[in-house]
Amino acid sequence: MNIESLALNNYRNYELLDIELSKGTNILYGNNAQGKTNILESIYMTATTKSHRGSRDRDIIRFEEDEAHIKLLVSKNDISHRIDMHLKKNKNKGVAVDGLPIRKISEIFGLLNIIFFSPEDLSIIKNGPVERRRFMDMELCQLSRLYYSNISNYNKVLNQRNNLLRQIYYNKSLLDTIDVWDDQLILYGTKVIKERENFINMLEEIVVDIHSGLTEGREKLEIKYNKSVNEDEYKDTLLEKRSVDCKYESTQYGPHRDDISFFINGIDVRMFGSQGQQRTAALSLKLAEIELVKKIINDSPILLLDDVMSELDSNRRNALLNRIKDVQTIITCTGYDDFIRERIKIDKIYYIENGKAFLKSGQV
């Protein structure tokens with residue numbers, strides 16, 4: 001799998017952009033705030049329909065314009081596909097694959113598998129559980145359309161149940177209707193929990209060896225999926241904690257409260273690990289993610305590295321680069337001297353300045 005070309009129109013600070021990408025290592029370099037990350041964001045959007053920044057479509061459209069377009073050509077199993085995305089200020093986005101509009105957002109998942117790695121990901125271990133749930137959800141949505149359906153339905157039911165809990169505060173008789181939402185919450189929530197648990201178990205099998213290699217065998221990294229509620233106790237828990245939910249006017253138990261824990265040699269890294277250990281664990285997690293996606297889709301994902309190399313020391317940087325030799329990689333940075341000095345093969349280089357891309361060279 002590899003991206004052949006990308007074209008943008010009125011996207012962020014790009015009036016027009018049209019670039020071709022190599023199957024190997026592509027460098028986008030330039031000063032900060034010139035638009036390097038915007039290119040990675042647009043690629044991520046074609047794979048997931050969402051911005052990795054959490055931005056609304058209207059905020060992505062170029063200032064004083066009403067619409068933006070993304071056109072991406074991807075080669076998969078030696079067949080080229082075109083993804084067109086049409087962003088509008090006051091309407092839902094439109095997406096077409098090979099010229100045919102898709103009816104459901106889930107139809108886009110799996111056509112393009114992206115792994116996004118930014119400096120913020122190096123803090124995934126020590127930050128709050130929201131980011132770790134997002135990590136699970138975004139990867140699973142790309143790997144499984146069924147998971148996307150289940151997590152979407154779960155979130156819709158959760159919102160309905162929470163709305164009802166807020167109404168119950170003023171009208172106690174509505175409490176009799178909550179069982180309907182509980183049944184649906186359990187139906188979709190159980191499926192979400194099982195898929196997440198399977199994902200984390202597969203990830204842990206891979207991450208142990210990767211982390212051991214990064215630490216020269218000194219550390220053993222374990223990943224544990226912390227379920228807010230066990231599947232076989234889901235119904236009883238919702239019933240038992242209903243008064244608590246009514247008190248707080250929100251659902252206190254379910255996969256929307258799940259988390260992941262990381263242990264090095266049996267010690268909780270988030271609570272007691274050094275910053276270096278936390279960063280190495282985060283890097284191991286991303287490297288394991290690459291290998292897991294390869295295993296599941298029987299192909300290589302596309303790796304987006306957003307200014308992450310400057311945040312890693314030489315050992316971690318080399319470990320990352322050694323693992324991605326057979327993966328199409330798009331790297332943003334302020335300069336590429338370090339890559340040349342470390343004899344990393346660069347296939348294509350673009351200089352990014354003020355919303356414009358200039359092809360500098362290739363085969364460095």
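Fair warning: this is a prediction, and the values are worked out from it, not measured in the lab. These numbers come from the heavy atoms of this one structure, side chains and all, not from hydrogens, waters or symmetry mates. All residue numbers refer to positions in the sequence shown, counting from 1.
Under the 3.5 Å distance criterion, with hydrogens and angles disregarded, a donor-acceptor pair is assigned to the side chains of Y11 and E41. Using modelled atom types and a 3.5 Å distance limit, the side chains of N162 and S250 yield no donor-acceptor pair. For the residue pair E4 and S80, a side-chain donor N or O sits within less than 3.5 Å of a side-chain acceptor on the partner. T251 and D245 share no side-chain donor-acceptor pair at under 3.5 Å. One side chain, R53 or N38, offers a donor N or O that lies under 3.5 Å from an acceptor on the other.
Counting only heavy atoms from C-beta outward, the side chains of L305 and I324 approach each other to under 4.5 Å. In this structure, the side chains of Y351 and L28 stay at 4.5 Å or more apart for every pair of heavy atoms. Contact annotation: the side chain of S144 never approaches that of Y148 to less than 4.5 Å [non-hydrogen atoms, C-beta and beyond]. A 4.5 Å side-chain heavy-atom check between D179 and R242 finds at least one atom pair inside the cut-off. Residues T334 and S310 have side chains not in contact (no heavy-atom distance under 4.5 Å, counting atoms from C-beta outward). When side chains are defined from C-beta on, N201 does not count as touching E205, because their heavy atoms never get closer than 4.5 Å. When side chains are defined from C-beta on, I61 does not count as touching E67, because their heavy atoms never get closer than 4.5 Å. Counting heavy atoms from C-beta outward, N127 and R270 have side chains that stay 4.5 Å or more apart.
Residue D299 comes nearest to K76 through the heavy atom pair OD2-CG, 4.4 Å, listed as atom of the first residue, atom of the second, then distance. The nearest pair of heavy atoms linking P255 to R196 is O-NH1, 2.7 Å. Nearest heavy-atom pair, F109 versus R145, reported as atom, atom and distance to 0.1 Å: O-NE, 3.1 Å. The two residues P301 and V327 come nearest to each other via the heavy atoms O-CG1, 3.0 Å. The two atoms that bring L6 and I39 nearest to each other are CD2-CG2, 3.7 Å, heavy atoms only. Of all the heavy atoms in I19 and L17, the pair that sits closest is CG2-CD1, 3.7 Å.
With ring centers used as reference points, F358 lies 6.0 Å or more from Y350.
Between the side chain of R218 and the backbone N or O of T215 there is at least one donor-acceptor pair closer than 3.5 Å. In this structure, N230 contributes its side chain and E233 its backbone to no donor-acceptor pair below 3.5 Å. Judged purely by atom type and a 3.5 angstrom limit, N171 has no side-chain atom pairing as donor or acceptor with the backbone of Q167. Using a distance-only test at 3.5 Å, with no hydrogens or angles considered, no donor-acceptor pair links the side chain of N77 to the main chain of I79. A donor-acceptor pair under 3.5 Å links the side-chain atoms of D347 to the main chain of T25, judged by distance alone. Listed for the R132 side chain is no donor-acceptor partner under 3.5 Å among the backbone atoms of D259. Side chain of Q328 to backbone of M1: no donor-acceptor contact under 3.5 angstrom is found. Between the side chain of T177 and the backbone N or O of L174, at least one donor-acceptor pair lies under 3.5 Å. With S284 contributing its side chain and T280 its backbone, the two residues share a donor-acceptor pair below 3.5 Å. Checking side-chain atoms of D18 against main-chain N and O of A7 turns up no donor-acceptor pair under 3.5 Å.
The distance from atom CD of E289 to atom CG of N113, rounded to the nearest 0.5 Å, is 10.5 Å. Considering CG of L303 and CD1 of I115, their distance stands at 6.5 Å, rounded to 0.5 Å. Residue S314 holds its OG atom at 6.0 Å from CG of N318, rounded to the nearest 0.5 Å. One distance of note links CZ of F199 with CD1 of I296; it measures 7.0 Å at 0.5 Å rounding. The structure places CD1 of I330 at 14.5 Å from NZ of K36, a figure rounded to the nearest 0.5 Å. A distance of 13.5 Å separates NZ of K360 from CD1 of I346, quoted to the nearest 0.5 Å.
Salt-bridge formation is not detected for the pair K104/E107: no Lys NZ or Arg NE/NH1/NH2 atom is positioned less than 4.0 Å from an Asp or Glu carboxylate oxygen. Using a 4.0 Å cut-off between charged nitrogen and carboxylate oxygen, R316 and E311 do not count as a salt-bridge pair. Using a cutoff of 4.0 Å between basic side-chain nitrogens and carboxylate oxygens, K235 and D183 are scored as salt-bridged. Residues D57 and K93 are paired through a salt bridge, judged by an N-O separation under 4.0 Å between the basic side chain and the carboxylate. D182 has a carboxylate O that lies under 4.0 Å from a charged side-chain N of R161, or vice versa, which qualifies the two as a salt bridge.
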Residues D137, Y147; criterion side chain to side chain donor-acceptor pair (under 3.5 Å); working and verdict = CA-CA 8 Å; D137 289 343; Y147 181 84; 2.4 Å; yes

Would you please test D66 and K91 for salt bridge (charged side-chain N to carboxylate O under 4.0 Å, His left out) and show each step?
-> CA-CA 10 Å; D66 294 321; K91 295 181 181 178; over 6 Å; no

Report the C-alpha distance between E131 and R134 in whole Å, list the side-chain angles of each, state the deciding distance to 0.1 Å, and finish with yes or no for salt bridge (charged side-chain N to carboxylate O under 4.0 Å, His left out).
-> CA-CA 5 Å; E131 291 186 34; R134 185 175 182 274; over 6 Å; no

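K88 NZ: more than 12 foreign heavy atoms inside a 6.0 Å radius. Heavy atoms of other residues, nucleotides or ligands lying less than 6.0 angstrom from CG of D326 number more than 12. Counting heavy-atom neighbours within 6.0 Å of K356 NZ, excluding the residue itself, gives a total of 12 or less.
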Name each donor-acceptor pair under 3.5 Å that joins a side chain in residues 219-229 to protein atoms two or more places apart or in another chain, with its distance.
unit_1: E219; atom_1: OE1; unit_2: H211; atom_2: NE2; d: 2.9
unit_1: E219; atom_1: OE2; unit_2: Q277; atom_2: NE2; d: 3.0
unit_1: Y225; atom_1: OH; unit_2: D258; atom_2: OD2; d: 2.4
unit_1: N226; atom_1: ND2; unit_2: S261; atom_2: OG; d: 2.5
unit_1: K227; atom_1: NZ; unit_2: E197; atom_2: OE2; d: 3.3
unit_1: K227; atom_1: NZ; unit_2: E231; atom_2: OE1; d: 3.0
unit_1: S228; atom_1: OG; unit_2: G254; atom_2: N; d: 3.1

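Partners of F263 by ring pair (Phe, Tyr, Trp, His ring centres under 6.0 Å), not counting sequence neighbours: none found.
Both L111 and I70 are part of a single hydrophobic cluster, where members link through side-chain heavy atoms under 4.5 Å apart. Hydrophobic clustering (ILVMFWY, side-chain heavy atoms < 4.5 Å, transitive): I349 and I352 are in one cluster. The hydrophobic cluster containing L73 does not contain Y14, counting ILVMFWY residues as joined when their side-chain heavy atoms lie under 4.5 angstrom apart, directly or transitively. Taking hydrophobic clusters as Ile, Leu, Val, Met, Phe, Trp and Tyr residues chained together by side-chain heavy-atom distances below 4.5 Å, L187 shares a cluster with I178. Linking Ile, Leu, Val, Met, Phe, Trp and Tyr residues whenever their side-chain heavy atoms come within less than 4.5 Å places I125 and I200 in a single cluster.
Ring geometry for F116 versus Y44: interplanar angle over 60°, hence perpendicular rather than tilted (30 to 60°).
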